[in-house]
Amino acid sequence: MGAPAALQACPSSLDNRISIWSVGDLGNVGLNGEYQGEPQLLCDIRHNGDVMDMQFLDQERIVVASSTGNVTIFRHHQNNQTLSANQRWEKAHYHVDRDASCGGAACTGVICSNPEIVTVGEDGRINLFRADQKDAVRTIDNADSSTLHAVTFLRTTEILTVNSIGQLKIWDLRQQRNEPSQIFSLTGDRVPLHCVDRHPNQQHIVATGGQDGMLSIWDIRQGTMPVSLLNAHEAEMWEVHFHPSNPDHLFTCSEDGSLWHWDTSTSVSEKPSFLHQGGRSTTYFSHNTINQSVVSAWLSNDPTKDRMEITNLIPNQTLSVNSLDILGPCLVYGTDAEAIYVNRHLFA
Amino acid sequence: VHRRKKLSCDPEYVNKAHKEGRFLSPPVSGRPSSSCVFVVRKDQDIYIQTLRKLFNESHGIFIGLQRSEEEFAGKSRKTQLVQVSKNYRSVIRACMEDMHQAAVSARDPALHSQYSTQVSILSAMELIWNLCEILFVEAAVAGPLLLRLLDWVRLHVCDVDNMVREVLSSENPSKHELFWNVVDVFVLQGRMDEARHLLSKEASANPTSVNMCRILDDLMKKMPVPSLGNTQTLTEMELKWQHWHEECQRYLQDGTFASNSHMESICKILLGDENAILEKKELMTTWYHFLVTRLLYSHPTVKPMELRFYAQSSMDLFLGGESSPEPLDTILMAAFEFELHQVIKECSIALSNWWFVAHLTDLLDHCKLLQSHNLYFGSNMREFLLLEYASGLFSHYSLWQLGVDYFDHCPEYGRVYLELHIERIPLNTEQKALKVLRICEQRQMHEQVRSICKIMAMKALRNNRLGSALSWSIRAKDAAFATLISDRFLKDYCEKGCFSDLDLIDNLGPSMLLSDRLTFLGKYREFHRLYGEKRFSEAAKLLLMLMTAHIAPCSFWMTLLTDALPLLEQKEVIFSAEQTYELMRCLEDLTAGKSDKQKFQDDDVETMKVEMLRLALARNLARVIVKEGTLEGS
């Protein structure tokens with residue numbers, strides 16, 4: 001099965017479900033590489049509140065962040081194809097009065113590194129949980145005076161958060177003080193940042209996406225401002241992801257209904273000749289032929305030297321693309337038209 | 001899915017509206033009040049899981065149609081529109097499949113019956129739509145018209161499918177008791193090849209009838225049918241058909257089939273004998289099947305405008321006064337009569353949702369078939385239906401996004417409707433608010449942007465999320481709210497003696513300029529920072545500037561002057577003479593402003609503060625005059 005991690009289900013309050021789908025084996029492959037068969041629904045389970053974010057904790061468990069402020073771990077039982085709620089932290093995020101009926105605050109982001117789980121929310125709070133431990137390991141109240149939109153791991157003990165006043169913060173979880181160890185912000189207007197991702201191999205490279213659709217690349221070793229600002233989408237950028245095994249490729253999706261593939265792998269003329277093949281090329285390039293330069297193409301300031309290819313992967317865009325994920329040659333994304341799309345031949 | 005409330009009215013009222021030929025509308029405005037009691041209930045259709053697929057997919061088709069260029073003229077445009085119609089129908093069919101699956105797997109009998117009802121409603125919708133596609137969108141002409149109608153019947157009359165399957169899959173079909181029924185079905189539906197195939201089985205099983213079978217087979221083979229291409233004109237076809245008809249007549253009159261009643265009746269059917277066809281009522285099940293069979297065998301080159309006569313008589317003959325027409329029959333009849341408005345009206349009444357009429361009317365409008373028919377509300381029919389449909393979508397927690405696009409394509413009232421609806425969407429998460437805001441901003445709906453941002457900012461403020469509140473004010477460029485937030489910060493500072501949320505105030509950036517109060521807050525914090533870093537002269541300069549440039553509100557001057565005290569008391573002289581005079585002037589402005597009564601009410605702390613300041617300023621002045629008067633280096 002190898003279902004890729006994290007795909008946001010459609011937002012709604014009454015009828016939300018977490019679903020697991022199987023995108024079967026390579027069978028029918030169409031002319032343009034699109035998978036012809038339909039994904040099959042294996043199992044689903046009700047979820048209370050909108051699904052704001054989710055991630056696989058391990059092969060069987062999924063952590064889900066809810067708009068009610070709850071954080072739930074679901075277990076997928078593969079033998080009988082069912083889902084069950086394994087553990088729940090009620091009102092992990094809340095405003096002022098936790099016990100009030102409407103006191104919950106939406107949990108906006110979750111990131112896992114088995115067994116640790118970090119969540120952030122509209123209450124500006126950061127929670128550190130451990131799977132199978134009932135209470136939070138650590139909670140930073142009022143970590144931020146504005147809404148925290150996303151979180152990701154920088155190193156095993158450090159996390160990155162982005163908020164709605166355009167700040168990127170590094171938090172060191174080993175330290176007891178409730179202050180970020182570093183704060184980065186955009187120049188100019190404090191445009192809210194909605195998503196963040198770190199380069200899989202080179203940990204100082206961070207990408208963020210903002211409310212104005214701008215993609216920012218940061219080098220956190222130096223300075224407090226981004227290295228490059230790329231004018232991308234026409235509306236909020238909801239998610240940004242480096243390809244986990246092929247980090248010269250970056251994917252962003254936006255409220256304007258587009259999904260962009262950013263390709264900084266070296267331009268065609270410089271590729272080793274064995275990769276020049278007529279017709280279909282290999283599914284993805286081997287690691288060491290592309291990541292040759294130590295200085296990543298992402299930090300390059302010379303636009304003429306390393307050309308970046310940007311492709312919009314959606315031909316007829318209508319409603320927002322809320323979420324995407326990639327694993328190997330497979331890309332999955334979901335839209336506000338309540339549809340999920342799977343592309344299994346990304347680099348074909 | 002679409003009406004927010006379905007009104008069940010007094011039946012007399014409905015009939016009244018019917019008779020007056022008015023388009024049925026919710027009896028809200030400007031009508032003389034009739035003494036009725038209205039029972040209102042919320043529309044449940046939008047919450048059925050499988051129908052959501054219908055709404056989402058059809059939304060995509062709708063948008064595609066609106067965006068498609070009118071550059072194609074004539075035939076290619078028509079092909080394009082037919083394709084759109086087919087797309088809509090395939091979506092309906094897909095939903096029918098899903099609904100059927102749901103019905104089959106439903107264990108609760110109430111749910112099962114609900115789903116089954118939905119399946120039959122969807123099936124009826126597809127039937128009507130298909131007919132409208134043939135008659136209106138494709139506007140099939142005489143010749144192809146019959147072929148299309150035959151396809152239509154074959155697709156939709158499925159009651160006999162089981163029987164057909166049973167006979168065909170049996171070992172000895174010709175011995176099956178329903179064998180001749182199946183042959184009849186094929187003949188009635190014009191499926192000559194299949195009929196001939198079965199006849200050959202009969203021939204091989206029953207040697208006595210070989211001759212008859214051969215003749216009948218031959219007649220079936222030779223039957224002229226209209227062609228789709230331009231291979232023959234209508235007149236040619238009619239001539240051929242006439243000859244063939246006469247040949248059949250001869251065989252019948254010769255008594256060729258006299259020994260086999262089944263084959264004789266088939267021959268009569270081929271000759272278009274109404275009675276013979278009517279005998280097979282149960283195999284046809286519906287009057288419109290009867291109509292098409294009649295046309296096939298008596299008038300294959302029927303023109304579209306002639307359909308109405310045949311339709312009416314077919315229905316009368318078929319129903320034979322035993323049963324009265326059902327809503328579906330009335331709708332189909334209106335279609336055969338080419339009464340578009342009637343079709344739409346009847347569908348609106350019969351169906352509980354606006355989905356069908358809204359999309360069909362829009363398609364027909366693109367085919368330029370609807371004259372602008374002004375209704376009471378000033379907008380045309382297409383727009384009225386789309387507005388109703390979209391309004392219904394807005395009551396759903398996530399389908400409202402589809403509604404936005406529909407409003408966009410209603411030129412007269414779409415924008416107003418959108419403005420009213422969008423403000424009423426419940427905003428339970430910030431992400432939803434952002435989506436709504438994006439929609440408003442894209443359409444320059446500034447009022448709504450301001451209003452929504454204010455709501456979100458207020459919510460944030462109540463939850464003590466000052467940073468979020470500020471972020472919303474920046475989005476709306478709402479200076480007044482930014483001032484409110486700054487005042488809150490300053491109040492907190494006065495109460496606690498320190499700033500909360502330093503990460504926000506220290507990083508305001510250009511947004512500081514949004515409101516004067518916010519600027520003051522940022523600068524004031526900067527003063528504290530400078531003081532903390534012991535950069536006293538810079539801090540002093542800043543402090544003075546805050547007052548002289550009137551960045552600081554008057555209410556805060558006392559606090560600022562009090563902040564100046566430690567600077568005045570420093571060993572080193574910080575304020576220059578100029579600056580000291582300025583400070584004194586500020587103090588005097590402040591105290592002079594108070595009336596005598598206020599001065600009397602001031603408690604001791606206040607008077608003491610003023611006294612201390614006066615003293616400190618005087619001492620500083622003294623020191624600085626001396627310092628500045630002294631020659632350097634001595």
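This is a predicted model, so every value here is computed, not measured. All heavy atoms count here, side chains included; hydrogens, waters and symmetry mates do not. In the text below, chain A, chain B and the rest are named by the order of the sequence lines, each starting its count at 1.
Within 6.0 Å of NZ in Lys86(B) there are more than 12 heavy atoms belonging to other residues, nucleotides or ligands. A 6.0 Å sphere centred on CG of Asp516(B) holds no more than 12 heavy atoms belonging to other residues, nucleotides or ligands. Around NZ of Lys459(B), the count of heavy atoms belonging to other residues, nucleotides or ligands within 6.0 Å exceeds 12. Few gaps surround NE2 on His528(B); more than 12 heavy atoms of other groups in view lie less than 6.0 Å from it. Residue Gln182(A) places its CD atom among more than 12 non-hydrogen atoms of other residues, nucleotides or ligands, all under 6.0 Å distant. Taking a 6.0 Å sphere around CD of Glu441(B), one finds it holds more than 12 heavy atoms contributed by other residues, nucleotides or ligands. Applying the 6.0 Å contact sphere to CG of Asn316(A) captures no more than 12 heavy atoms from other residues, nucleotides or ligands.
To the nearest 0.5 Å, atoms OG (Ser67(A)) and CG (Asn428(B)) are separated by 5.5 Å. A distance of 4.5 Å separates CE of Met52(A) from OG1 of Thr429(B), quoted to the nearest 0.5 Å. Atom CZ of Phe489(B) sits about 6.0 Å away from atom OG of Ser145(A), to the nearest 0.5 Å.
Across all non-hydrogen atoms, the minimal contact from Lys435(B) to Asp336(A) is NZ-OD2, 2.8 Å. Nearest heavy-atom pair across Ser471(B) and Ile165(A) is CB-CG2, 4.0 Å. Shown here for Gly124(A) and Arg465(B), the closest heavy-atom pair between the two residues is CA-NH2, 3.4 Å. When every heavy atom of Arg67(B) is checked against every heavy atom of Thr318(A), the shortest pair comes out as NH1-CG2, 4.3 Å.
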Please determine whether side-chain contact (heavy atoms from CB on, under 4.5 Å) holds for the pair His194(A) and Leu434(B), giving the CA-CA distance in whole Å, both sets of side-chain angles, and the decisive distance to 0.1 Å.
CA-CA 11 Å; His194(A) 284 292; Leu434(B) 288 171; 3.2 Å; yes
Does Glu338(A) form a side chain to side chain donor-acceptor pair (under 3.5 Å) with Ser398(B)? I'd like the steps, not just the answer.
CA-CA 9 Å; Glu338(A) 304 187 2; Ser398(B) 88; 2.9 Å; yes
As a quick check of understanding, evaluate side-chain contact (heavy atoms from CB on, under 4.5 Å) for Arg475(B) and Gln211(A), giving each step before the final call.
CA-CA 10 Å; Arg475(B) 177 92 183 244; Gln211(A) 200 171 86; 3.0 Å; yes
After noting the C-alpha distance and the side-chain angles of Glu430(B) and His149(A), does the key distance pass the side-chain contact (heavy atoms from CB on, under 4.5 Å) rule?
CA-CA 10 Å; Glu430(B) 288 201 357; His149(A) 281 133; 3.9 Å; yes
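Of the charged side-chain nitrogens involved, none lies within less than 4.0 Å of a carboxylate oxygen, so that Asp256(A) and Arg438(B) do not count as a salt-bridged pair. A salt bridge does not link Glu255(A) to Lys432(B): none of the charged side-chain nitrogens sits closer than 4.0 Å to a carboxylate oxygen.
Residue with the most contacts toward chain B among Asp123(A), Leu319(A), Ile183(A), Thr108(A): Asp123(A) (heavy-atom pairs, distance under 4.5 Å).
For a residue to count as touching a neighbouring chain, one of its non-hydrogen atoms must lie under 4.5 Å from one of that chain's; by this rule Asp144(A) touches chain B with backbone and side chain alike. For a residue to count as touching a neighbouring chain, one of its non-hydrogen atoms must lie under 4.5 Å from one of that chain's; by this rule Ala106(A) touches chain B with the side chain only. The part of Gln167(A) that comes within reach of chain B is its side chain, from C-beta onward, which places non-hydrogen atoms under 4.5 angstrom from that chain.
For the residue pair Ser468(B)/Thr147(A), the side-chain donor-acceptor check at 3.5 Å is satisfied.
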